[in-house]
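Computed from heavy atoms alone, side chains included, the values below leave out hydrogens, waters and symmetry copies. Residue numbers count from 1 along this sequence.
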Amino acid sequence: MLNFLKQCITAFCIGMILLVLTTVADAQTTNAVGDDGLVRVKSAYPVDETVARMRQDIAAKGITFFQEVDQSRLAAGAGISLRPSTLIVFGNPPLGAQFLTANPYSGLDWPVRVLVLQEPDGSVWVAWTDFAWIARRHHIGDRQQQFAMATSVVESITSTIRVR
């Protein structure tokens, strides 16, 4: 009986360790959303290459590219020093229009905006507003499938530049 009890405790402990390790691994691959609604992922590339790779993937997917704003260049033109920072704007008009028909003020968040920036330590991060957060912000409760699609698209695009 004592051996059986030891085996059960050992099996339980091993199971708990595996559960913890799996949870930690999942947490490292899942995009954490901050209180501010931002999703941040670390890029494996410098800002310019990150932007170029994302633009290439956007084009390959047939997604409409609207604009690239080099914020650090604009700041330099105003005599202000700013670390590399580029905003890219893209989207799928038939998908985005579904958010606008649910709440026209959601146009503040559409088309999709993704910021690529360099931190003081030289690391490059890509950030965007979580689509579920946008849904809550604009009180859109009947477009879950569309918001999930938007999430899937941005996660696919950023998967090409993420640190592995």
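- Taking all atoms of both residues into account, the shortest heavy-atom contact from Phe90 to Pro111 is O-CB, 3.3 Å.
- Between the OG atom of Ser159 and the CE atom of Met54 there is a distance of 10.0 Å, given to the nearest 0.5 Å.
- Val89 and Val41 sit in two unconnected hydrophobic clusters of ILVMFWY residues. Membership requires side-chain heavy atoms under 4.5 Å apart, directly or through other members.
- Note: Ile161 CD1 to Gln56 CD = 13.5 Å, rounded to the nearest 0.5 Å.
- Residue Leu108 holds its CG atom at 5.5 Å from CZ of Arg137, rounded to the nearest 0.5 Å.
- Across all their heavy atoms, Arg83 and Gln118 have their closest contact at NE-O, 2.6 Å.
- Both Leu95 and Ile88 are part of a single hydrophobic cluster, where members link through side-chain heavy atoms under 4.5 Å apart.
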What's the verdict on side chain to side chain contact (heavy atoms under 4.5 Å, CB included) for Gln67 and Arg113, showing C-alpha distance, side-chain angles and the deciding distance? CA-CA 9 Å; Gln67 187 175 22; Arg113 293 156 181 84; over 6 Å; no
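- Ring centroids of Phe66 and Trp110 are separated by 6.0 Å or more, keeping the two rings apart.
- With hydrogens and angles ignored, the 3.5 Å screen pairs a side-chain donor or acceptor of Thr151 with a backbone N or O of Phe147.
- A 4.5 Å side-chain heavy-atom check between Ile140 and Ser106 finds at least one atom pair inside the cut-off.
- Summarising the geometry, atom CZ belonging to Arg40 is positioned 10.0 Å from atom CG belonging to Leu115; distances are rounded to the nearest 0.5 Å.
- In summary, Lys61 and Asp57 engage in a salt bridge, as defined by a charged side-chain N under 4.0 Å from a carboxylate O.
- Rounded to the nearest 0.5 Å, atoms CD (Glu68) and OG1 (Thr86) are 5.5 Å apart.
- Linking Ile, Leu, Val, Met, Phe, Trp and Tyr whenever their side-chain heavy atoms come within less than 4.5 Å leaves Leu82 and Val116 in two separate clusters.
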Residues Phe99, His138; criterion side chain to side chain contact (heavy atoms under 4.5 Å, CB included); working and verdict: CA-CA 9 Å; Phe99 304 118; His138 297 290; over 6 Å; no
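- Taking the side chain as every heavy atom from C-beta outward, Thr129 and Leu38 approach each other to under 4.5 Å.
- Val114 and Val69 fall into different hydrophobic clusters, where Ile, Leu, Val, Met, Phe, Trp and Tyr residues are linked whenever their side-chain heavy atoms come under 4.5 Å apart, directly or through other members.
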Quick one: do Phe131 and Val112 satisfy side chain to side chain contact (heavy atoms under 4.5 Å, CB included)? Show the steps, please. CA-CA 9 Å; Phe131 298 104; Val112 176; 4.1 Å; yes
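- In Glu119, the CD atom is crowded: over 12 heavy atoms of neighbouring residues, nucleotides or ligands sit closer than 6.0 Å.
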Run the numbers on Thr50 and Val126 for side chain to side chain contact (heavy atoms under 4.5 Å, CB included), then give the verdict. CA-CA 9 Å; Thr50 298; Val126 177; 3.7 Å; yes
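- Note that Arg55 lies in the cation-pi zone of Phe65, set by a 6.0 Å cut-off to the ring centre and a 45° limit from the axis.
- Across all their heavy atoms, Arg162 and Thr158 have their closest contact at NH2-OG1, 2.7 Å.
- For the atom pair CZ (Arg143) and CD (Gln98), the distance works out to 6.0 Å, reported to the nearest 0.5 Å.
- Trp128 and Met149 fall within the same hydrophobic cluster, where Ile, Leu, Val, Met, Phe, Trp and Tyr residues are linked whenever their side-chain heavy atoms come under 4.5 Å apart, directly or through other members.
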